[in-house]
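These notes concern the structure reproduced below.
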2 protein chains.
Amino acid sequence: MASDHAQTDETSPAERRRQRVRDSILHAAERMIAKEGEDGLSIRRLAEEIDYSPAAIYKYFGSKEELVDELKEAFFARILTHVDKVQYSEEPFECRAHQCLRVYIEEALEKPHQYLGAFSGVVDPTDSHEIESNKARAFDYLISMVSEGQALGHFDPSRDAVTVAKSVWACCHGAASLLAHLPHFLDGMPSDIPVKRDAFLDLHADIVLRGLYKR
Amino acid sequence: MASDHAQTDETSPAERRRQRVRDSILHAAERMIAKEGEDGLSIRRLAEEIDYSPAAIYKYFGSKEELVDELKEAFFARILTHVDKVQYSEEPFECRAHQCLRVYIEEALEKPHQYLGAFSGVVDPTDSHEIESNKARAFDYLISMVSEGQALGHFDPSRDAVTVAKSVWACCHGAASLLAHLPHFLDGMPSDIPVKRDAFLDLHADIVLRGLYKR
DNA sequence: GTTACAAAGTAAACACTGTTCACTTTTTGA
DNA sequence: TCAAAAAGTGAACAGTGTTTACTTTGTAAC
């Protein structure tokens with residue numbers, strides 16, 4: 001039964017083997033990007049690192065771009081799960097909203113090169129596939145957060161929740177982008193190194209959220 | 001006297017000629033980047049476009065990076081002058097502050113590829129030359145704007161002006177970056193195309209600035 | 001077990017890239 | 001006019017992503 005034609009878990013030894021090689025490619029690529037950025041990733045050096053020929057990579061990925069895109073999708077999926085966890089916690093709304101912004105930025109900064117790479121370059125408007133990516137979905141959470149804030153009577157209800165959510169996303173993305181791009185961004189500020197980023201993110205989230213409240 | 005050893009305006013015909021070639025290189029590079037992005041710029045195709053050999057480019061610029069860095073510096077200098085103009089206008093403070101944020105974003109969006117390219121990739125912390133660029137100076141204007149807002153009794157004075165300015169810069173940069181990166185960012189929103197961006201920027205600046213006011 | 005077929009893997013080539021170097025042409029200043 | 005400097009170039013080097021024809025390996029059926 002276990003060696004029957006239709007496997008119970010849909011994975012044959014060959015498929016598992018293939019999956020392992022695929023993963024090793026992805027992991028090696030991730031390591032190289034983390035070290036040297038997206039431009040530092042070379043298919044040839046990547047192949048050498050995992051002891052394959054460059055051409056072998058193309059049995060697993062259609063192009064370098066497809067490979068990198070898969071990493072980006074996984075990265076944003078990870079950010080989403082972390083933001084999601086905050087969203088459904090038992091904390092009061094104001095605390096959740098604050099954490100929501102913070103966690104997005106903090107998770108983005110876990111992989112600065114990947115985060116920056118995901119926003120470098122103008123996206124082709126005719127490429128519809130980009131629209132339904134996890135990147136766009138990150139911002140769906142913000143819509144429901146803003147709507148909830150309006151329903152609870154905290155936020156100004158006269159504004160369009162979607163538009164406001166886009167504005168909030170811009171604020172979060174900007175902080176993540178600048179912190180990732182400029183390692184010295186917080187230099188010359190009060191308090192010590194590990195606290196600096198924490199304190200800044202608190203202030204930033206405070207300012208952004210305060211902008212949403214009714215006056 | 002005019003043909004004396006030391007020229008009055010410090011430019012000989014040879015220097016002017018050289019400057020013209022230099023400019024033609026820069027302009028061609030700018031056109032190519034505007035069309036195909038930073039990665040789409042090729043020294044060889046650039047040379048072909050202006051009818052020179054690829055090697056000739058290196059008589060004017062040490063490397064491709066130096067060339068695009070000069071374009072970036074000029075671009076941010078242009079943004080700065082526009083923001084500067086707002087800063088010293090005769091409008092009331094609240095209007096100037098609002099315009100300050102708007103103009104930064106609008107000018108950034110004049111060259112989406114260049115703006116995104118200026119923030120792609122993690123900056124080398126040991127490279128001190130990056131710190132004193134026009135990019136960093138854009139944010140000096142925000143510091144004085146925040147300080148003035150505090151002095152006038154509008155903004156919360158208990159906060160560090162520099163830190164707040166960084167937060168505001170992040171909000172502006174985020175909006176510029178997202179709008180440049182995602183041409184569809186404002187799709188699915190009320191009102192028509194030319195007004196959309198205008199309305200969004202107004203809302204965004206409103207939200208950010210409201211976050212700074214005393215409650 | 002053998003055989004047929006598909007999958008995995010590769011070496012070599014193609015068409016690019018940025019950059020350098022030896023070399024020629026042109027321009028300049030005395 | 002003549003040497004020196006500047007401007008410009010062709011060819012090469014080392015690297016890139018990708019494709020193609022080919023070989024090796026593994027699998028499934030007879």
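Excluded from the calculations below are hydrogen atoms, water molecules and symmetry mates; all remaining heavy atoms, backbone and side chain alike, are included. Bear in mind the structure is a predicted one, so any value in this text is a computation, not a measurement. A, B, ... follow the sequence lines: proteins, then strands. Residue 1 opens every chain.
- Formation of a donor-acceptor pair under 3.5 Å by the B:Glu73 side chain with backbone atoms of B:Asn134 is found in this model.
- Between B:His173 and the options B:Phe76, B:Tyr115, B:Tyr104, a ring-ring contact (aromatic ring centres under 6.0 Å, His included) holds for only B:Tyr115.
- Minimum interatomic distance between A:Leu186 and A:Arg197 (heavy atoms only, all atoms of both residues): CD1-CA, 3.5 Å.
- A donor-acceptor pair under 3.5 Å links the side-chain atoms of B:His181 to the main chain of A:Gly121, judged by distance alone.
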*What string of B, S and - do you get for nucleotides 13-26 of chain D, 5' to 3', if B is base contact, S is sugar-phosphate-only contact and - is no contact with any protein heavy atom under 4.0 Å?*
---BBBBB-----S
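- A straight line from CZ of B:Phe61 to P of C:dG18 spans 15 Å, rounded to a whole angstrom.
- A:Lys72 has a carboxylate O that lies under 4.0 Å from a charged side-chain N of A:Glu38, or vice versa, which qualifies the two as a salt bridge.
- At C:dA8, one or more side-chain N or O atoms of A:Arg18 fall inside 4.0 Å of OP1 or OP2 (strictly under the cut-off).
- Distance B:Glu48 CD to D:dG8 C1': 16 Å, rounded to the nearest Å.
- Computed from coordinates, the B:Asp39 CG to C:dC16 P distance equals 17 Å when rounded to whole Å.
- Within 4.0 Å of A:Tyr60, counting heavy atoms only, lie sugar-phosphate atoms of the nucleic acid but no base atom.
- Rounded to whole Å, the distance from CG on B:Leu46 to P on C:dG18 is 9 Å.
- A heavy-atom distance below 4.5 Å is not found between the side chains of B:Lys166 and A:His204.
- In this structure, CZ of B:Arg20 is placed 15 Å from C1' of D:dA7, rounded to the nearest angstrom.
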